[in-house]
Amino acid sequence: MDGKEASFSLTDQGIGIPAQDLVRIFERNFRSQNARRSRDDGTGLGLPMAKSILKAHGGEFTVTSIENSGSTFTVNAAADFTGTE
């Protein structure tokens with residue numbers, strides 16, 4: 001990073017996301033099979049909305065995951081720290 005970006009990651013040890021579903025998790029209304037088996041609630045809108053907002057502000061949202069082991073979600077966003085101490 002060049003000092004004008006902020007980055008953070010969140011890692012869980014949950015159900016993970018199957019490899020074939022990773023390319024689809026940012027699609028509206030998509031929920032992986034294991035997510036539907038795990039919980040009935042959820043609309044599949046949270047990740048697409050977060051990614052869209054970040055993209056509109058020059059950021060990105062990525063994920064790595066291993067099924068039955070967990071996932072890591074990473075946010076990289078533009079940040080202006082000038083004038084702050």
Working to the nearest 0.5 Å, report the span between [atom1] of [X] and [atom2] of [Y].
X   : Y   : atom1 : atom2 : result
L10 : T72 : CG    : OG1   : 8.0 Å
I15 : S65 : CD1   : OG    : 8.5 Å
L47 : F61 : CG    : CZ    : 5.0 Å
R31 : I25 : CZ    : CD1   : 12.5 Å
Q13 : I66 : CD    : CD1   : 11.5 Å
E5  : E60 : CD    : CD    : 8.0 Å

> For the residue pair P48 and L45, what are the closest heavy atoms and their distance?
Replying inline: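 That would be CD-O, 3.2 Å.
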>> If the test is side-chain hydrogen bond (donor to acceptor under 3.5 Å, both in side chains), which one of N76, T74, T62 qualifies with S9?
In response: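 Of the listed options, the one satisfying the test is T74.
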> Within 45° of the ring axis of F26 and under 6.0 Å from its six-membered ring centre, is that where the NZ or CZ of K51 lies?
Replying inline: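 Yes, K51 sits over the ring of F26.
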